[in-house]
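The structure appears below as structure tokens.
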Amino acid sequence: MSEPVRVRYAPSPTGFPHVGNIRTALFDWVYARHAGGTFIVRVEDTDVARTVPGALGAIFDGLRWLGLDWDEGPEVGGEYGPYFQSQRLALYKEAAERLVAQGDAYYCFCSPERLETMRAEQARRKVPPGYDRLCRNLSPEDARECQAKGITPVVRFRMPLKGQTEFDDIIRGHVRFENSTIDDFVLMKSDGYPTYHLASIVDDHAMRISHVIRGEEWLSSTPRHILLYRALGYPPPVFAHLPIILGPDRSKLSKRHGATSITDYRDDGFLPETMVNFLALLGWSLDDKTEIIPRDALVKNFSLERISQTAAIFNREKLTWMNGVYIRQLSLDEFTQRALPFLEKGLPDSIKRPLDLDYVRKVMALIQERVRQLTEVAELSLFFFEERLAYEPAMLIEKKMDAAGTLKALQVSLERISPLASFETGALEAVLRPLAEELGLKTGQLFGTLRVATTGRAVAPPLFETMAVLGKERTLARIKAAIYKMGK
RNA sequence: GCCCCCAUCGUCUAGUGGCCUAGGACGCUGGCCUUUCAAGCCGGUAACAUGGAUUCGAAUUCCAUUGGGGGCGCCA
């Protein structure tokens with residue numbers, strides 16, 4: 001094993017990167033890092049018509065967000081560049097011409113219209129679709145004639161009519177295809193651009209790619225690739241076809257399945273470390289119990305052999321749970337920093353900006369363990385920032401209490417905490433806990449009433465901590481407001 | 001239709017002939033803790049697709065069936 005490990009992620013800017021694409025990128029990256037090899041990004045921009053504006057940017061954003069740094073590729077360069085296929089056209093043309101000269105490929109002048117009617121006919125007769133090889137044995141004269149008519153040909157591979165093509169896949173094992181079931185596929189389009197098949201083989205060889213780790217949807221075209229390597233005289237790389245990720249309805253992931261682009265997960269308040277961990281476990285496992293595995297441990301322990309062969313369904317509930325785990329692991333400063341953009345975005349404009357960072361930090365300390373997605377921070381902490389609380393007075397009245405008792409509880413509480421010099425958790429508890437008993441109430445009743453009074457909600461962080469963060473002035477004002485509400 | 005891949009709880013998975021009356025996690029659920037919620041802790045629910053074969057013994061090997069997925073483009 002003297003060949004250095006070189007793995008490429010080859011995205012196409014024809015769509016936004018969904019979790020399936022990104023999971024492939026992650027596995028490519030992790031394997032390269034694990035093996036101490038090189039991770040390469042190569043942009044497969046050979047379909048000019050289908051290029052989606054912004055898609056490439058989203059792909060890079062996604063990779064960067066997840067920390068999947070590349071050693072060679074766009075923006076960083078490298079000695080095997082350029083890393084955009086659209087800038088390597090001469091290489092493909094040369095390879096195609098060589099294949100034609102060798103007799104392994106031929107020019108095809110069939111029009112798209114003819115191919116379309118041919119396919120329609122095949123569908124009608126229920127025979128396998130595929131090019132009927134009309135131009136496979138065109139004489140040089142016929143070819144010249146077509147050329148003269150101004151028809152720009154495509155280049156097709158001259159598929160062997162019999163025999164088998166087989167290869168070993170790290171994940172699938174030995175796979176064999178009958179050559180007769182594969183048609184003469186296109187290598188070079190009439191617009192001068194190569195197809196994926198040609199371009200990827202030429203580049204994987206030129207870039208010294210050692211391992212092709214890609215989605216299972218490529219498994220069926222691998223025999224074509226093997227044959228191309230052979231025809232070109234290139235040694236094939238190691239192949240590993242990853243199981244695909246399915247939507248909840250068991251079909252291939254598509255736009256119908258909600259948050260499609262990886263960047264949507266960022267916007268939905270997921271942490272990149274969560275995504276890396278979760279995606280890694282979608283198709284790979286360390287052992288029979290490890291769920292939380294940090295990036296460095298993932299890199300250290302990763303192996304292609306432990307990748308599953310089964311397609312997996314993306315389970316968003318588990319992702320949410322895992323995000324909560326990662327959020328709770330963050331230091332308070334780290335959490336505050338990550339939550340801030342979501343707070344700025346989620347809090348209503350009516351709340352004065354800039355936010356007091358010191359205060360925000362105290363608030364975040366109380367909600368951190370209750371957050372599962374960063375998008376929740378604004379809602380969970382809104383009452384800490386609002387000037388006046390809007391809630392129904394009836395909410396103040398706890399179970400087995402009446403209006404009079406509630407009013408009294410509020411009034412006495414106000415009296416007892418007003419003189420407090422220190423508005424700290426311990427001091428508040430020292431006063432209020434005995435008060436419950438004095439009033440003949442359960443702590444749940446008294447604290448519940450005060451919770452609604454100070455937060456406007458029945459569900460909130462622990463009472464004393466909440467009061468301490470709100471501060472004396474605001475707390476007393478809110479209790480007074482509650483008394484006023486009860487009095488009406 | 002043809003080709004290829006796959007098949008363990010609802011979902012993600014462990015399991016490579018005996019350690020499996022199948023383990024872990026999410027979810028759901030009962031309880032504990034508790035000022036609500038969350039977190040945490042303890043417990044429960046739930047799976048080897050089916051039929052053959054090999055073997056003393058099969059979730060694990062082989063075959064078939066069924067089911068699911070992918071591919072069959074001048075897309076990648």
Side-chain angles (χ1 to χ4, degrees), chain A residues 10-15 44-47 49-50 108 110-112 115-116 119 122-123 125-131 152-156 169 171-173 175-178 180-183 185-191 193-197 199-200 214-223 241 243-244 246 248 250-252 278 281-292 308-322 324-325 328 367-372 380 398 429 432-433 436 442-452 455 457-464:
Chain A
S12 167
T14 51
E44 313 241 323
D45 54 347
T46 55
D47 189 345
R50 266 166 240 263
C108 168
C110 292
S111 67
L115 295 176
E116 200 177 310
R119 270 191 286 270
Q122 287 166 338
R125 291 171 49 211
K126 293 189 191 252
V127 298
Y131 180 56
T152 314
V154 301
V155 176
R156 286 184 184 272
D169 185 281
I171 298 169
R172 314 279 150 190
V175 184
R176 176 188 315 181
F177 286 76
E178 213 52 60
S180 61
T181 63
I182 304 172
D183 75 347
F185 56 99
V186 174
L187 298 174
M188 201 52 108
K189 300 181 260 185
S190 58
D191 64 1
Y193 282 83
T195 58
Y196 171 89
H197 304 303
S200 70
R214 69 214 322 186
E216 195 192 335
E217 66 267 27
W218 293 108
L219 192 63
S220 319
S221 33
T222 303
H241 287 95
I244 61 169
L246 270 22
R250 297 208 65 85
S251 74
K252 199 178 175 185
F278 187 77
L281 255 31
L282 220 48
W284 178 84
S285 63
L286 175 64
D287 54 31
D288 59 343
K289 46 190 53 125
T290 305
E291 301 287 344
I292 302 300
S308 142
Q309 303 171 89
T310 323
I313 293 173
F314 190 84
N315 181 195
R316 209 172 156 119
E317 276 72 52
K318 188 162 179 176
L319 174 70
T320 306
W321 161 79
M322 189 176 280
V325 173
R328 277 175 251 123
I367 67 164
Q368 179 171 6
E369 69 176 43
R370 294 169 173 77
V371 176
R372 296 197 303 173
L380 284 171
E398 287 294 309
E429 181 159 14
L432 292 173
R433 198 172 283 282
K442 288 194 191 303
T443 48
Q445 293 175 305
L446 207 221
F447 299 168
T449 294
L450 289 171
R451 173 172 298 108
V452 173
T455 70
R457 308 177 173 191
V459 172
L463 183 61
F464 309 129

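Listed by chain and number, the residues in a side-chain hydrogen bond (donor to acceptor under 3.5 Å, both in side chains) with A/Lys318 are A/Glu291 (sequence neighbours excluded). Here A/Tyr193 pairs with nothing under the side-chain hydrogen bond (donor to acceptor under 3.5 Å, both in side chains) rule; sequence neighbours left out. With sequence neighbours left out, A/Arg370 forms a side chain to side chain contact (heavy atoms under 4.5 Å, CB included) with A/Leu380, A/Pro461, A/Pro462. Evaluation of the side chain to side chain contact (heavy atoms under 4.5 Å, CB included) rule for A/Ala312 yields A/Leu282 as partners, not counting sequence neighbours. Applying the side chain to side chain contact (heavy atoms under 4.5 Å, CB included) rule to A/Leu286 yields the partners A/Trp284, A/Thr290, A/Ile293, A/Asn301; only residues at least two apart in sequence or on another chain are considered. With sequence neighbours left out, the ring-ring contact (aromatic ring centres under 6.0 Å, His included) criterion links A/Phe185 to A/Phe157, A/His197. For A/Arg156, the side chain to side chain contact (heavy atoms under 4.5 Å, CB included) test picks out A/Tyr106, A/Cys108, A/Leu115, A/Tyr131, A/Val154, A/Asp184, A/Val186, with sequence neighbours left out. Listed by chain and residue number, A/Phe314 satisfy the ring-ring contact (aromatic ring centres under 6.0 Å, His included) test with A/Phe278 (two or more places apart in sequence, or in another chain). Every residue was checked against the ring-ring contact (aromatic ring centres under 6.0 Å, His included) condition with A/Trp321, not counting sequence neighbours, and none meets it.
In this structure, A/Arg250 atom CZ and B/rG67 atom C1' are separated by 10 Å, rounded to whole Å. Straight-line distance from the CD atom of A/Glu44 to the C1' atom of B/rA76: 7 Å, rounded to whole Å. Across the protein-nucleic acid pair, A/Asp191 atom CG and B/rC74 atom C1' stand 7 Å apart, rounded to whole Å. Rounded to whole Å, atom P of B/rC75 lies 11 Å from atom CG of A/Leu115. In this entry the distance linking OH of A/Tyr196 with C1' of B/rG71 reads 14 Å, nearest Å. For A/Asp183 and B/rG71, the CG to P distance is 15 Å, given to the nearest whole Å. Rounded to an integer number of Å, the gap from A/Asp288 CG to B/rU16 P is 10 Å.
Distances shown here put a side-chain N or O of A/Thr46 below 4.0 Å from the OP1 or OP2 atom of B/rA76. An OP1 or OP2 oxygen of B/rG73 is reached within less than 4.0 angstrom by no side-chain nitrogen or oxygen of A/Lys189.
Across all strands, A/Pro194 comes closer than 4.0 Å only to sugar-phosphate atoms, never to a base (heavy-atom distances).
Between B/rG27 and B/rG10, the two C1' atoms lie 8 Å apart (nearest whole Å). B/rC26 and B/rA39: their P atoms are spaced 10 Å apart (whole Å).
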Under-3.5 Å N/O pairs linking protein and nucleotides 4-10 of chain B:
residue, atom, partner, partner atom, Å
B/rC5, O2', A/Arg172, NH1, 2.7
B/rC5, O2', A/Glu216, OE2, 3.3
B/rC6, OP1, A/Gln309, OE1, 2.9

Would you tabulate the nitrogen or oxygen pairs shorter than 3.5 Å linking the protein to nucleotides 43-48 of chain B?
none

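No hydrogens or angles were tested; on distance alone, a donor-acceptor pair under 3.5 Å links the side chain of A/Ser190 to the base of B/rC74.
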Practice problem: If a protein heavy atom is under 4.0 Å from the base, mark B; if only from the sugar-phosphate, S; if neither, -; do that for nucleotides 27-38 of chain B going 5' to 3'. | Solution: --------BBBB
